[in-house]
2 protein chains.
Amino acid sequence: MRAEEREEIVRLPLLAACRPETADFLLRGAFVQRFPAHTNLTREGEKADFLYAVLSGSIELSAAYLDRETTIAVIGAPHTFIVAAVVLDRLYLQSARVMEPARILMLPSESVRQAMRGDAGFATAIAEEMANSYRNVAQELKNQKLRTSLERLANWLVHRDKETGGGHRFVLPYEKKILAARLGMAPEVLSRAFATLAQYDVHVDSATIIVKDWKALEKLAHPDPLIDDETI
Amino acid sequence: MRAEEREEIVRLPLLAACRPETADFLLRGAFVQRFPAHTNLTREGEKADFLYAVLSGSIELSAAYLDRETTIAVIGAPHTFIVAAVVLDRLYLQSARVMEPARILMLPSESVRQAMRGDAGFATAIAEEMANSYRNVAQELKNQKLRTSLERLANWLVHRDKETGGGHRFVLPYEKKILAARLGMAPEVLSRAFATLAQYDVHVDSATIIVKDWKALEKLAHPDPLIDDETI
DNA sequence: ACCGTGACTTGATAAATATCAAGTATCGGG
DNA sequence: CCCGATACTTGATATTTATCAAGTCACGGT
């Protein structure tokens with residue numbers, strides 16, 4: 001592992017609060033690897049061998065049931081994924097696939113558990129990471145149970161616009177097919193939802209979104225910090 | 001706090017793995033309180049002042065949006081709730097209401113965070129608690145996104161039957177109205193779903209459920225450990 | 001014992017969402 | 001530059017779910 005890469009890694013929220021010797025211990029068994037798009041990193045049901053952290057690129061987490069499949073979340077740097085399975089030494093509940101070509105840090109799961117037992121700072125960082133993940137998925141559950149598909153799309157657009165600087169013009173970060181799965185609807189429904197949003201002056205040109213009447217969109221969306229704000 | 005009550009508390013998964021002095025420290029600021037049914041313990045949006053653990057009784061966690069409301073989960077002993085908000089010192093994302101009269105342990109949230117920083121065993125226990133909660137919500141999200149309402153009910157029955165000893169006969173632990181919200185459907189839909197299950201030899205007499213043809217129900221439900229098994 | 005409230009059910013209907021099919025557009029590889 | 005695969009859109013339709021309304025029933029409080 002190169003020195004500058006090591007620098008980058010110990011700045012991750014996960015490692016920033018642990019003792020130097022814990023970081024040493026963890027990084028001894030760790031490695032960083034680059035993966036091209038579409039690589040499958042984990043499949044749900046497998047044993048949790050590694051904790052993964054995204055250094056760059058993005059990862060799609062998905063789950064399947066019978067012949068159905070859905071996207072649970074899309075993760076980017078500097079976040080981790082499938083930490084819960086590692087902490088509990090259980091099976092992955094989700095599959096992880098590389099979306100944008102990614103650099104991934106992999107920590108052997110047994111080392112992680114051992115480091116937790118020995119370093120309260122690290123264990124706390126893991127707990128905080130888990131708490132964040134918990135809140136994100138709890139918010140997503142509220143999103144699913146309390147909103148219609150049109151409302152979920154409208155809120156996603158409002159949120160994405162803020163995230164990209166509030167220019168009221170941005171490009172979708174991934175395929176509409178994946179966005180549809182992420183929002184919990186069939187691709188055809190997403191297509192029609194975009195068509196409906198034309199009434200609210202939302203213009204869609206392939207992957208580019210232009211929000212001409214911000215107020216109208218926000219009124220439709222009714223964003224709620226307790227569902228949409230990840231840092232509340 | 002009585003000695004036997006203290007005994008009971010330090011056996012909670014949360015405290016079982018921490019150092020004696022950490023338990024002392026935590027229990028110094030803690031108290032146990034009995035609450036009658038329907039008491040509101042927290043409201044979503046409030047600051048997280050306490051970590052709650054259920055010693056007996058049960059708690060309903062719910063969330064609202066506009067004029068809608070849903071039940072996120074129902075918690076019993078020896079589980080905790082709203083730990084994530086405490087760990088991160090943020091706002092509660094869910095409201096908690098007493099369902100069955102309950103004895104609740106309350107730990108001041110600042111003490112919890114302080115204890116985590118000082119005791120790796122306790123921080124690890126919190127991380128494990130969070131990991132369990134995370135997996136439960138993630139499973140619930142899969143349940144919502146990948147199944148129809150009839151399938152959710154069928155699986156809930158299968159699961160509940162196993163939980164209560166597999167006698168193929170049990171009593172609903174709470175009102176159908178709440179069950180409907182828990183399963184993500186309108187009460188009328190639940191009513192009709194029960195009616196549909198008559199075809200599968202599921203008999204409903206007010207709150208008593210009798211499953212006459214277990215195989216038929218299980219075939220309809222298609223239970224999946226990665227969605228339904230909390231300990232996988 | 002009576003009353004009133006609220007849970008539960010059932011019917012009728014509307015709205016939301018999924019599915020199937022067909023056509024167009026787009027994009028990467030040869 | 002062309003081809004084939006796949007994403008995306010749109011229409012028609014089916015299924016799922018919600019809503020509104022009315023009636024029954026059970027229960028707690030007076």
Side-chain angles (χ1 to χ4, degrees), chain A residues 36-38 60 64-71 97 99-101 143-156 171-199 202-209 220-222, chain B residues 36-38 60 64-71 97 99-101 143-156 171-199 202-209 220-222:
Chain A
H38 308 127
E60 178 194 10
Y65 174 67
L66 304 182
D67 63 341
R68 308 159 207 175
E69 191 176 350
T70 193
T71 298
R97 176 172 35 198
M99 215 161 64
E100 295 174 287
N143 195 30
Q144 283 294 321
K145 290 183 79 172
L146 293 168
R147 285 177 173 156
T148 67
S149 58
L150 184 63
E151 290 171 334
R152 294 197 295 277
L153 173 59
N155 277 290
W156 187 88
V171 175
L172 298 180
Y174 34 79
E175 288 173 356
K176 287 180 185 164
K177 200 182 162 185
I178 294 175
L179 178 59
R182 166 69 247 283
L183 294 175
M185 62 186 91
E188 295 94 327
V189 175
L190 176 63
S191 215
R192 284 183 243 268
F194 271 127
T196 302
L197 287 181
Q199 296 166 21
V202 175
H203 297 253
V204 181
D205 177 12
S206 126
T208 301
I209 310 291
L220 169 67
H222 275 290
Chain B
H38 308 126
E60 178 194 9
Y65 174 67
L66 305 181
D67 63 342
R68 308 160 207 173
E69 191 177 348
T70 193
T71 298
R97 175 171 38 197
M99 214 162 62
E100 294 174 288
N143 195 29
Q144 283 294 322
K145 290 183 79 172
L146 293 168
R147 284 176 173 156
T148 66
S149 58
L150 183 63
E151 289 171 334
R152 293 198 295 276
L153 173 58
N155 277 291
W156 187 88
V171 175
L172 298 180
Y174 34 80
E175 289 173 357
K176 287 180 186 166
K177 201 184 161 184
I178 294 175
L179 178 60
R182 166 68 246 285
L183 294 175
M185 61 186 92
E188 296 95 326
V189 175
L190 177 63
S191 216
R192 284 183 242 268
F194 271 127
T196 302
L197 287 181
Q199 297 166 19
V202 174
H203 297 253
V204 181
D205 176 13
S206 128
T208 301
I209 310 291
L220 169 67
H222 275 291

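The figures that follow rest on heavy atoms only: side chains count, while hydrogens, waters and symmetry mates do not. Computed from a prediction, not measured in an experiment: that's the story for all the values here. The sequence lines fix the lettering, A, B, ..., with proteins before strands; numbering per chain opens at 1.
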How long is the span from the CZ atom in Arg152(A) to the CZ atom in Arg182(A), to the nearest 0.5 Å?
-> 10.0 Å

Return the value, rounded to whole Å, for the distance between atom CD of Gln144(A) and atom C1' of dA16(C).
-> 14 Å

Donor-acceptor pair, side chain of Lys145(A) and main chain of Leu183(B), under 3.5 angstrom = no

Tightest non-hydrogen contact, residues Val189(A) and Ser149(A), listed as CG1-OG, 3.8 Å

Between Ser149(A) and dT17(C), does any side-chain N or O lie under 4.0 Å from OP1 or OP2?
-> yes

Given Leu197(B), Leu220(B), Leu153(B), the one that forms side chain to side chain contact (heavy atoms under 4.5 Å, CB included) with Val202(B) = Leu197(B)

In residues 183-194 of chain B, which ones come under 4.0 Å of DNA chain C, going by heavy atoms?
-> Glu188(B), Ser191(B), Arg192(B)

For atom OH of Tyr174(A) and atom P of dC8(D), their distance in whole Å = 13 Å

Whether Lys176(B) side chain and Ala207(B) backbone form a donor-acceptor pair below 3.5 Å = no

Rounded off to whole Å, could you give me the CG-to-P distance for the Asp67(B) and dA18(D) pair?
-> 14 Å

Pick out the pairs of N or O atoms, protein on one side and nucleotides 25-29 of chain D on the other, that lie under 3.5 Å.
none

Just how far, in rounded Å, is P of dA18(D) from CG of Leu150(B)?
-> 13 Å

Round to the nearest Å and state the distance from Arg147(B) atom CZ to dT17(D) atom P.
-> 13 Å

Residues from residues 202-209 of chain B sitting under 4.0 Å of DNA chain D, heavy atoms only?
-> none

Scanning both residues in full, the closest heavy-atom pair of His222(A) with Tyr65(B) reads O-OH, 2.9 Å

Specify the separation, in whole Å, of atom CD of Glu151(B) and atom C1' of dT17(D).
-> 14 Å

Does some side-chain heavy atom of Asn143(A) sit less than 4.5 Å from a side-chain heavy atom of Trp156(A)?
-> no

Work out which heavy atom in Glu151(B) is nearest to a heavy atom in Leu66(A); give both atom names and the distance.
-> OE2-CD1, 4.5 Å

Could you tell me the separation between the CG atom of Leu153(A) and the P atom of dA16(C), rounded to a whole number of Å?
-> 15 Å

Using only side-chain N and O atoms of Lys177(B), determine if any of them is under 4.0 Å from OP1 or OP2 of dA7(C).
-> yes

Kindly compute the distance separating CD (Glu60(B)) from NE2 (His38(B)), expressed to the nearest 0.5 Å.
-> 9.0 Å

Just how far, in rounded Å, is C1' of dC8(D) from CG of Leu172(A)?
-> 12 Å

Atom CG of Leu150(A) and atom CE of Met185(A): how far apart are they, to the nearest 0.5 Å?
-> 8.0 Å

Which heavy atom in Ala180(B) sits nearest to a heavy atom in Pro187(B), and how many Å separate them?
-> CB-CA, 3.8 Å

Winner on side-chain proximity to Lys176(B), out of dA7(C), dT9(C), dT17(D), is dT9(C)

